[in-house]
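Remember, predicted model here, so these are calculated numbers, not experimental data.
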Amino acid sequence: MIREHLDVDFVRSRFPALDREFVFMDNAGGSQAAGHVINRLHEYFLKYNVQLGGSYHVSSEAGKVLRNVTGRMAEYVNASRHEEIIIGSSTTMLLRILSLVISRQWQAGDEVIITNSDHEANVSCWTDLQRQGIVIKKWKINPETFELELEDLRKLLTERTRLVAMVHASNILATVNPIRQTADLVHDAGALLCVDGVAYAPHRLIDVQELGVDFYVFSTYKVYGPHQSVMFGKYEILRNLDGINHYFIGKEEVPYKLQPGNFNFELTYGMGGIPDYFDELCLHHFGDQTPESARERWKKVFELIAIHEERIGGKLMDYLLTKPEIRIIGIADGDGNRRMPTISFVHDKYKSSEVVSKVDAYSMGIRYGDFYAKKIIKDLGLIEKDGVIRVSLVHYNTMEEVDRLIAVFETMF
């Protein structure tokens with residue numbers, strides 16, 4: 001039996017934390033963990049909890065299963081080889097490590113372009129390089145359309161540009177940025193492209209080869225997994241970077257030279273539950289027509305996810321647009337090709353904190369603030385509003401939950 005629509009009841013049954021009277025709508029801050037992930041964490045401690053590199057059997061087996069996870073994550077983002085996957089404690093930490101090692105190859109006067117719509121994870125690590133003479137330029141969104149325009153980037157690029165840092169989708173605006181077109185433009189200028197995919201990865205399947213990026217990073221705890229992060233980097237670029245690990249770990253040891261202290265073993269093993277979960281979704285929805293190729297399985301699942309998220313996000317968006325006192329911060333359109341179902345807005349009469357504190361009483365988790373995307377909040381004049389009200393939906397949210405939130409808003413607006 002093939003299901004043409006996402007079976008949300010089945011989806012929710014795979015998330016143990018959803019079995020309670022609480023509505024999770026702060027998923028851009030961190031999603032709930034799939035049962036596959038939780039089970040693997042338990043399994044690791046029972047079967048593999050030893051230090052790697054030992055000659056004894058359990059240590060050897062632990063090394064094998066963790067290498068398998070790295071290979072699965074390489075396949076998940078469509079990397080060309082498993083060495084292109086760097087695992088770390090957070091997106092912020094991985095980007096900081098990247099900035100420290102790659103900037104050793106740059107000279108004073110070289111340039112990095114950042115955007116004003118990024119989370120600080122992909123900003124501060126680059127702006128701090130001004131101390132060594134790196135010039136920072138800012139690619140700003142069009143405040144009318146909330147979009148980054150390629151022509152504006154073209155004007156910023158010079159022969160001294162070394163890297164452009166940007167988001168795939170903003171954690172506030174949720175606009176899907178044109179990564180492939182940007183990559184082509186950046187590469188034509190002789191520079192590299194580093195993309196923060198944290199707010200995109202929970203909603204769509206990543207294909208780093210199709211995107212043409214040089215670096216791509218996302219947090220697995222926002223993609224139904226453990227509190228870790230994954231960075232893709234093109235192998236030839238990584239191989240030529242100096243390491244940040246112990247002196248005896250050479251340049252050829254990719255990615256270990258960029259993982260000081262190694263990665264967290266149990267969380268990495270748990271991370272393998274993310275593709276396992278999507279495999280199960282595909283089997284449930286497509287039965288004996290489930291593709292043999294893992295990438296094809298995941299593509300089919302994310303197509304169903306996109307349709308469902310557009311429906312629930314569109315319903316909330318349509319409701320908010322009926323309220324003249326509410327201003328959507330981002331594209332006022334539920335089209336899943338243009339934006340993710342993370343919806344930010346402000347109210348003319350209330351501070352964002354006032355609205356969210358009232359919603360808290362209804363056992364619903366939404367949020368307010370700048371979400372570490374401080375520059376866009378400042379540039380849009382939203383500091384005095386306490387930032388934005390943000391409702392961030394994912395595929396385990398239901399239409400009934402959206403209706404419940406709308407009913408709460410109706411008591412306030």
Side-chain angles (χ1 to χ4, degrees), residues 20-32 116-120 140-147 167 169-175 198-199 202-203 222 309-335 338-394 397-413:
R20 69 174 97 170
E21 286 298 316
F22 188 86
V23 178
F24 292 94
M25 291 184 171
D26 181 31
N27 299 294
S31 62
Q32 297 307 301
N116 69 334
S117 63
D118 275 67
H119 184 288
E120 279 295 311
K140 292 189 174 185
I141 64 163
N142 181 324
E144 301 298 322
T145 65
F146 299 103
E147 294 181 281
V167 283
S170 162
N171 67 336
I172 289 180
L173 306 175
T175 308
V198 170
H203 310 287
K222 301 183 182 185
E309 289 184 342
E310 185 172 316
R311 287 180 63 240
I312 59 175
K315 181 160 191 177
L316 178 59
M317 183 79 73
D318 289 345
Y319 165 75
L320 294 173
L321 289 172
T322 67
K323 303 293 181 179
E325 66 273 25
I326 286 176
R327 177 162 59 108
I328 304 292
I329 306 302
I331 296 173
D333 183 336
D335 184 351
R338 300 187 67 202
R339 62 167 300 142
M340 299 293 97
T342 296
I343 300 170
S344 300
F345 62 96
V346 290
H347 193 283
D348 286 348
K349 297 179 183 177
Y350 306 113
K351 288 189 173 183
S352 298
S353 55
E354 294 175 312
V355 173
V356 172
S357 65
K358 292 179 180 179
V359 175
D360 287 345
Y362 293 87
S363 294
M364 307 187 80
I366 66 172
R367 203 163 176 175
Y368 73 91
D370 59 42
F371 306 102
Y372 283 25
K374 290 181 175 291
K375 290 178 174 56
I376 194 63
I377 294 298
K378 179 181 178 181
D379 288 353
L380 294 177
L382 298 175
I383 293 176
E384 66 179 18
K385 300 294 291 185
D386 291 340
V388 298
I389 303 155
R390 188 180 73 178
V391 180
S392 49
L393 307 173
V394 292
N397 289 121
T398 68
M399 193 66 78
E400 291 73 22
E401 288 179 331
V402 173
D403 287 337
R404 181 173 161 185
L405 179 63
I406 290 173
V408 172
F409 283 158
E410 275 294 280
T411 68
M412 300 188 307
F413 303 153

Gly313 and Pro341 have their tightest heavy-atom pair at CA-CB, 4.5 Å

Lys315 and Glu401 ion-paired at < 4.0 Å | no

salt_bridge(Arg390, Asp26) N-O dist < 4.0 Å | yes

OG on Ser117 to CD on Glu147, rounded to 0.5 Å = 11.0 Å

Would you confirm whether Asn27, through its side chain, and Lys222, through its main-chain N or O, come within 3.5 Å as a donor-acceptor pair?
-> no

Rounded to the nearest 0.5 Å, the CD1 atom of Ile343 sits from the CD1 atom of Ile331 at a distance of 12.0 Å

Provide the closest heavy-atom pair for Met412 versus Val355 in the form atom of the first, atom of the second, distance.
-> CE-CG1, 3.8 Å

State, with a plain yes or no, whether a side-chain heavy atom of Ser363 is found less than 4.5 Å away from one of Arg404.
-> yes

Smallest separation among heavy atoms of Phe413 and Lys323, with atom names = O-NZ, 4.3 Å

Closest non-hydrogen atom pair, Met25 against Asn397 | CG-ND2, 4.1 Å

Do Val346 and Ile389 have side-chain heavy atoms sitting under 4.5 Å apart?
-> no

Quick one: does Ser352's side chain have a donor or acceptor within less than 3.5 Å of a partner on Gly387's backbone?
-> yes

Check: Asp370 side chain, Ile383 main-chain N or O, donor-acceptor pair, under 3.5 Å | no

Between the NZ atom in Lys358 and the OG atom in Ser353, the distance rounded to the nearest 0.5 Å is 10.5 Å

Run the ring-centre check on Tyr368 versus Tyr350 and record whether the distance is less than 6.0 Å.
-> no

What's the spacing between Asp403 CG and Ile312 CD1 if we round to 0.5 Å?
-> 11.0 Å

Distance (rounded to the nearest 0.5 Å) between Leu380 CG and Phe146 CZ | 6.0 Å

How long is the span from the CD atom in Glu354 to the CG atom in Asp386, to the nearest 0.5 Å?
-> 8.0 Å

On the 0 to 90° scale, with breaks at 30° and 60°, tag the Phe345-Phe409 ring pair as parallel, tilted or perpendicular.
-> perpendicular

Check: Lys385 side chain, His347 main-chain N or O, donor-acceptor pair, under 3.5 Å = yes

Mind checking whether Val391 and Leu405 have side chains closer than 4.5 Å, heavy atoms only?
-> yes

Donor-acceptor contact present, side-chain Asp333 to main-chain Arg338, <3.5 Å | no

Check: Arg367 side chain, Ser392 main-chain N or O, donor-acceptor pair, under 3.5 Å = no

Closest heavy-atom pair and its distance - Ala332, Met317 = CA-SD, 4.1 Å

